[in-house]
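As the structure is a prediction and not an experimental result, all values here were calculated from the model. Chain A is the first sequence line, chain B the second, and so forth, proteins listed ahead of strands; every chain is numbered from 1.
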Amino acid sequence: MPSPHALRPRLARSLLLTALVGLACDPGDARSQWLHTTIVLDNQIFLEADPELAAGKLAKMDLDRYAFFRGTVGCFARDSAEAGGAAYRPTAFVTADAADVALIGDPHLENIGTFRRASDDALVVDFNDYDATTYGPFHLDLRRLALSVAIAAAAIDEVSPGFADAVQDAPEALARGYVDELAALAQAGGTIPALRAADGPHGAILDDLIEKAAEKGGAREELSDYTAIEGGRRELRIGEIEPALAWSAGPFELAVASDEVTPIGDDDGWLIDQVLASYPATLAGAPLPAGFLAVKGIGRRLGAGVASYPVRRYYVLVEGPSAAIDDDVLLELKQVFDPVIVPDLEQAAGGRPYADNGERVVAMQRMLQGALDLDPLLGHANAGGITMRVRDRTKYQRGLGVDRIAEKSAEGKWDADDYRELAATAGRLLARAHARGRRRGGEPSLPAIAAAIGERGDALVRETVDFVADYAPVVLGDADRFGALLEGYGPSLGYLRR
Amino acid sequence: MTVAAPTLAAIALLLAPPPAPPPASAPSEPEAAASDAEVEGQDAGQDKVAETSDVAAAGDVAAASDATAPADAGGAVEATAGASNDEDTEPRVPAAQADQSPISAGYSRQHWAEERHTFNFKRDLFLRNTWPVAPICNMGRPQDLCVTLDAELFAGYRLRSIAGQRFGEFALDRSELGTNLWYRPSKWLDAGATLRIEAIRSAGPQSLIGIDGDSLVIRLAQAYGHVATRFGSGLVSIGVRGGLIPERWIEQLEKGYDTRGIDLLPSDRNLLFERADLGASITASVLEGLVDLDLQLTNGEGRAQEELNRGKNTTAILTVRPLRRRHAKGPITLALHGAYRDGSWGVGAARAHRAAGALTFASPWAFAGAELVQAFGVREQGDRVSRSIGGWVSAYAWQPYIGLLAKYDHVRQDLRVADSSVDIVTAGAFTDVFGYAWRRRRRVRLYATYQHEGFGASAGPIPGAPQAADAHRFLLQLEAQGLFRAI
C-alpha cells in the first residue's frame, strides 16, 4: 500500500486535474451552453414525443466517446456551416458544381457494412445507413468520415491504451484513399464497381466483418435471435434479447435498452398494416410472391442505433416465399425524419426532388450504392404522416463495430496497420459512393468533384488531416462537457416536456 | 394554396368599390360634423390640413409617425383635408381629449354605419400606427366599438440563380389574415385584442421535407390583448400589450419602411429580432409620439419556439421624432431609434443581447432609413458577435405609377473572423394601383427587382467557397393588402 506521503502529490495532481477538467467542462461556459442547446434542439422532437426513449438516447451517447460522436451529427453540421462554429474552417476544394452533390450525410466507420447482392449472391461492402443522406458539398462527407476514424481511435484507446497514438495517421490514410480512388474512377470512367468480398483480402478488420456476415447470414441467425418455433409455427420473440445497459451520471440512473423487442400498441398495428400494404410498390425488383408479406409476428425493437435510438423501429416476421417456417423473413420498418440540417445551406434551392423522407432515403441509397439488388426488400411507405423505410433484417447485412475493433486490439489480434487499412478502404468506399451519385439537378457528381480537386489531391488530404487535427479534440472535449451536463441536468438535459 | 384562397377572397372584398353612403339620418352633432368636414375636405382639395375640431370629430389624431402595415395593432386616423396651412408642427389634440361631451347613451347602428363608411371609403382619412396614442380606428365617444379585418398577400414569381444553378418558381412569401377589436370604455381608455394568422411553408428553407411534402400551414402570428390610456391632458399615453406580441423594434422601424413586400428589414432578415414573441410590453408615448419608450419582457425564443430557459428577454427601445410635419398628402416624420436587449436563447441560456440604432424617414413621397444592430450571441452561439448594417430608400418618381427602391444589407456574421461578411443589394421599381392615401386600407403594388447576395471568403454555409452560395434573384412580386372596418 502506498505511503500517505506518496499519495499526497498524486492527490494534489488529481485535484488539480479535476479542477481543470471542471473548468473546461463548466456547464456555464459558452461551448457547454451551445452544446446543451443544440443537442436539445436536435432531439426536441423525441423529448416531446417519447421522453423516456429520448433520455435513453442521450444516456447511450454518454456510454463512450464514439457513441457521443454518432449522436451528434447535428452538432457537426452546425459547427461546420455556422460562422463562428468550431468546425467552420475554409475549404479550397468546393466549387459551385461540387457544392450540391449527393451525400451520405453521416458517413462514419460504424455505418459501413455488408450486403448480399441478390443477382449473384456476392457479399459486398458499402455504407449501410442513409437516414441523413442529402445534397451538399462533398467535403462535408469526407471530413465527417475522417473525423470518425480519429474519434473511434480515441474510443478504442480507452480499451487498448496507446492505440490512438499508433494510428494518428489513419485520417490521412482515409483521405488518401478517397483522393486516389476518385482520381482513378474519374480516369477509368464507366460503371463504378462494388467492393466485393471476393476481391479481397480487404484487411483483417473488413475480412472479419465479411466472414461473420457470411457465417451468421448463412445460418439465418436473425431468425434464431428474434424468433422461436412453438408448436411447429415460427413466432416473433417478445422480450429482452440482450440485457439492458446500466447508465448513471451523478444522481441519475437509467437502463438503456441493448436489444429488446416489445409488444406493439393498436396504433402501431394500423401503421404497420398501412405500410405493408403500400410498400411493395416501391420495391426495385420483381413483385413479391402472393402471401410473402403475410404477417406472423410484430414487435417494436428497442436498443438499436444511437442517433436513431428513439425512433419507431418495428420487426415484422412475414411468411416469405413459401409456407415453410425455415424461409420466413424478418423485416425492419424504421421511421425516417429529415436529413441532417446544414444551417444556411438552402436545401430547397433547385427544388425538392423527393416527395417524402422515405423516398429520399431509399432513392439515394440505391443511387449511392449503384445497385438495386443489395437489398431486394428495400422500400418505403407513408402512412398517417409517418414515413417508414423497410429493409430485410438479414444477418448478411452486418455493420462494423468499433467495440469489436477495440476488443481485438486489446487482445493484440489487430494492430495499427489493420486500422489504417480499414481507414483507407473507408475512404475508397466514400469515393465510390460519391462517384455513383448525382447532383440535385441530375448531373453526375464525379466530374464536378474531380474538377474541384483537380491535381491538388495532396492538398485536399492535408486540408482534411488538418481539419481532423483541429476539430477532433473539440468533439472529445464536447463528450466530456456532455457528461458534465448529464450529471447536472439528468438524461433529459433539463428539457421540460409541455 | 388553401390559405391563399381565403386571403385573396378577403383582399378582393377589401378592394371592392365603395358602396353608396348610408342613408341620411340624424346623427349627433359631432358625428354630423365629421361627415361634413370630410366631404368638404374632399371638395376643397388635398392641400389642406384638417382643423382640430374636424379631426377630433373624424376620429383620433396623432401627429407622430406613419403607420406600418395594417397588420399593426395600434394607429390613428386623421383627416388630410379641410384646413389651411401645409405644415403643422404642433401636436394635435387626441379625440378622447377633444371630445368633451358626456358619455352618450350608446351607439346606434346608424352611427357605426357612418363610422364604417368613413373608415373604409373616405379618402381624406389617413391611417397611421401611433399606438398607444390612438387606435387605428376612427373611434368616437366612449362605448364605441370597432372591429377591423385585414389581409396581406405577398406573392410572385422568383427566378434565382444560386451557385450558377437557375431555378424559377411562383412563391407565396407572406399570407396573413388579421382582426383587431377596439373598445373605448371611457374617454381615457382604449382596450382591445388582436389576432393574426399567417401561412408558412412547413419545411423551411433548410429542410427537404415538411408536412405532407412541404405544405403551407397556418400558425398564429400575433395574438394579444392591449390597453392604452392617456394622462396629463393627453400629453402622456401609456399602452400595455400581453400575449404573442409583435416585436416593437421592427414595428417602430417599419413605420419608415415602405417596401416590406419585397424584402424584410435587415435585422428581421438576419433573425436578429424575432417578429413576435410571447410576453408583455409597456409603451409610454410623450407628446403624442415625440418620444416613445418601449419596454418588453418576452420569452426570447420567438413565435416558432416555446420558452426553453428560465431567463427572459428584456428590451428597452427609445424612439425620438425630432421632425414631425403635417402635409395634406400625409405626415412627414424623421425618427431616431435606439434599443438594447438583455436576452438568452435556448435550453443552455446562451447570451442573446442586442444593441441597435436606426434612423428612419417617412413622407408621402419617399421613405428612407438605416439600421445598425450588434448581436452579442446569435441563437445557440452565445459567444458569437455579429453585426448587421442596412440602409434603404424608396421614392415615387411619378406618383403613384412609378416608384424606385434600393436597399443594401451588410452582415458581418462573426466579428472574430475576417471576411465573414454577406452583402445583399436590392434594386428595382414598383407601381401602385391605389394612391398613397389609400395605402393602409387598400394597396395593390407590383415590384420588379433584382437582388444579389454575395458572400465573403469566410461567410455562408461553405467557408472558403463563397461562389457556392452566391445568389442572383429576379423578383416579380405582388403586394396586395387591405384593411376593412367591419363594425
Does NZ or CZ of A/Arg144 come closer than 6.0 Å to the centre of the six-membered ring of A/Phe76, within 45° of the ring's axis? yes

Is the positively charged end of A/Arg143 above the ring of A/Phe467, judged by distance under 6.0 angstrom from the centroid and angle within 45° of the axis?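 Verdict for A/Phe467: a cation-pi partner in A/Arg143.
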
Measure distances from [X] to the heavy atoms of chain B and classify the residue's part below 4.5 Å as side chain, backbone, both or neither.
| X | value |
| --- | --- |
| A/Thr387 | neither |
| A/Gln44 | side chain |
| A/Glu48 | side chain |
| A/Leu35 | neither |
| A/Arg31 | neither |
| A/Asn382 | neither |
| A/Val94 | both |
| A/Glu443 | side chain |

Looking at chain A, which one of [options] has the largest number of heavy-atom pairs inside 4.5 Å, strictly under?
| options | value |
| --- | --- |
| B/Ser386, B/Gly377, B/Gly168, B/Gly460 | B/Gly460 |
| B/Arg379, B/Gln381, B/Glu169, B/Gln467 | B/Gln381 |
| B/Ala471, B/Ala349, B/Ala469, B/Ala457 | B/Ala349 |
| B/Asp383, B/Ile462, B/Val385, B/Asp470 | B/Ile462 |
| B/Ser420, B/Ala468, B/Gly464, B/Pro463 | B/Pro463 |

Applying side-chain hydrogen bond (donor to acceptor under 3.5 Å, both in side chains), can you list everything that pairs with A/Asp131, at least two apart in sequence or on another chain?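 Listed in chain order: A/Lys334.
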
Check side-chain hydrogen bond (donor to acceptor under 3.5 Å, both in side chains) between B/Ser267 and all other residues, then give those that pass, not counting sequence neighbours. B/Glu371

Judged by modelled atom types alone, do [X] and [Y] share a side-chain donor-acceptor pair under 3.5 Å?
| X | Y | value |
| --- | --- | --- |
| B/Asp423 | B/His452 | no |
| A/Glu82 | A/Tyr88 | no |
| B/Glu247 | B/Gln296 | yes |
| B/Glu380 | A/Thr38 | no |

Could you give all pairs that pass the salt bridge (Lys or Arg N to Asp or Glu O under 4.0 Å) test and reach residues 342-355 of chain B, with sequence neighbours left out? none

Could A/Asp100 and A/Arg439 be called an ion pair, given the rule that one side-chain N must be under 4.0 Å from one carboxylate O? yes

Taking A/Arg78 first and then A/Asp42, would you say they form a salt bridge - that is, a charged N and a carboxylate O separated by under 4.0 Å?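 Yes.
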
For B/Glu198, which of B/Arg275, B/Arg303, B/Arg174 qualifies under salt bridge (Lys or Arg N to Asp or Glu O under 4.0 Å)?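 Option passing the salt bridge (Lys or Arg N to Asp or Glu O under 4.0 Å) with B/Glu198: B/Arg303.
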
Under 3.5 Å, is there a donor-acceptor pair between the side chain of B/Asn270 and the main chain of B/Leu272?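 No: the side chain of B/Asn270 does not pair with the backbone of B/Leu272.
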
Whatever's closer than 4.5 Å to a heavy atom in chain A on B/Ser458 counts as both

Hey, which residues of residues 304-312 of chain B are touching chain A, say heavy atoms under 4.5 Å apart?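 Answer by number: B/Gln305, B/Glu306, B/Glu307, B/Leu308.
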
